[in-house]
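Comments concern the structure below.
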Amino acid sequence: MPKMTQKQKYNLKRQIEALNACEGKHTELISLYIPPSKQISDVNSYLKNELSQSQNIKSKTTCKNVLSAIESIMSRLKYFKQPPENGLIFFVGHKSIGSDQTEMVAYVIEPPLPIPTFLYRCDSFFYVEILKEMLADKEIYGILLVDRRECTIGILKGNRIESLKYMTSRVPGKHGRGGQSQRRFERLTEVAAHEWFVKCGEMASEIFLEEADMKGIFVGGPGPTKQYFIEEGYLHYEIQDKIIDTFDTGYTDEYGLKEVVDAASEIMSDLKIAKEKRFMKRFLKEVTKIEANLAVYGEEEVRKALKIGAVDMLLLSENLRRYRVKFKCRSCNYGEKKTIDVETLKDFDLPNCRKCKTDNAMDLEEKTDLIDEFSDLAEKTGVSIRLISKESEEGDSLYSAFSGIAGILRFPLNI
Ligand code: ZN
């Protein structure tokens with residue numbers, strides 16, 4: 001399965017944020033998803049049809065805006081003979097910019113993962129669900145539901161639940177006839193139950209062993225049977241080791257799969273946070289060491305350490321919203337770099353040149369997202385990058401106490 005790098009994930013997140021911030025005054029924002037297998041000529045005829053349909057839109061402004069958005073997509077589409085490897089997405093339309101004003105925006109995105117289906121939508125917002133879906137963790141978990149009557153085996157991929165096997169048993173109910181034959185009946189029942197559990201165990205082990213990347217397994221079912229099933233070792237030992245937790249469910253069929261996923265979702269998010277916490281704890285332990293300290297933090301310090309190849313692991317706060325900008329003087333070519341909050345940059349006064357001391361403001365020559373700058377630096381020297389959310393106390397301290405940028409060093413430095 002193709003996977004996104006941390007940086008691609010982060011970029012996609014930012015793109016979704018930007019798209020979510022666009023609002024149309026009316027239904028005049030177009031989202032168009034073109035999967036890699038789609039013929040461009042087919043997309044063109046589809047758009048031509050939309051174009052003629054849209055002539056009928058009652059409001060004159062909306063009509064004009066929708067038509068120009070479609071035309072803009074069609075003219076951009078001319079540059080493609082076929083969709084790129086993962087397909088192509090257009091987000092085009094007039095977004096509202098306060099009072100009665102609108103502004104045309106056009107995003108053309110080549111996504112990091114393949115687009116599954118063709119989709120055209122005209123609405124008052126951009127449709128980003130498919131992008132969000134790509135962002136969802138594609139980790140695989142196994143789900144096993146078992147009691148004496150039924151067994152369902154499924155997997156959770158990202159946020160999609162797949163039911164793979166459903167079986168029913170012939171184990172008789174617990175209550176037989178009374179008297180002498182009662183004991184015999186019970187014994188037979190237990191034999192049948194044992195055989196049933198063996199069958200369930202073998203089937204589940206076979207299915208789960210095929211998924212090499214499985215992160216863990218959740219077991220569900222009503223009552224204590226699931227616990228008995230686990231303790232008696234009916235599962236292959238490798239599968240047994242992957243059990244994360246058990247849950248009481250009302251059902252042991254497909255509906256039970258959903259019950260387990262609902263109950264487990266908190267645990268899965270906890271696992272992600274626990275991982276982030278582990279990385280942060282390693283860093284915090286280094287920070288408090290007096291000698292041979294392997295911690296580095298702060299924008300300048302980490303940048304320096306990265307440049308000399310001293311960093312082993314880079315820790316970046318997901319919540320960093322800063323640009324690295326470069327100014328340049330038109331008259332003497334003097335350049336200057338500065339880091340500015342994304343919010344501040346909107347109404348930022350460009351500085352005057354310090355060197356030639358003219359009254360002319362310098363030009364904004366380059367603007368890079370700080371996370372991009374650091375990820376690029378890290379990738380060059382083979383440093384592993386961890387994006388850390390603010391969801392744990394440790395993650396929050398990275399953002400608030402260490403300016404969102406920290407690292408664990410390969411060797412101690414004096415910088
Ligand atoms: Zn100058």
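Atoms within each ligand, like the ligands themselves, are counted from 1 in listed order. Keep in mind that this is a model prediction, so the values were computed, not measured. Keep in mind that the numbers below use all heavy atoms, side chains included, and drop hydrogens, waters and symmetry copies.
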Should the pair K199-E195 be classified as a salt bridge under the 4.0 Å nitrogen-to-oxygen rule? no

Taking atom types as modelled, find out whether Y323 and D341 have a side-chain donor-acceptor pair closer than 3.5 angstrom. no

Between Y107 and F90, does the ring centre distance come in under 6.0 Å? no

By the definition side chain to side chain contact (heavy atoms under 4.5 Å, CB included), identify the one residue from I140, I143, I155, I153 that meets it with E162. I155

Please check if the side chain of N86 supplies one atom and the backbone of P112 the other of a donor-acceptor pair under 3.5 Å. yes

Atom CD of E365 with >12 non-hydrogen neighbours under 6.0 angstrom: yes

Atoms of the protein (N/O/S only) found under 2.8 Å from the Zn ion (ligand 1): C329 SG, C332 SG, C353 SG, C356 SG

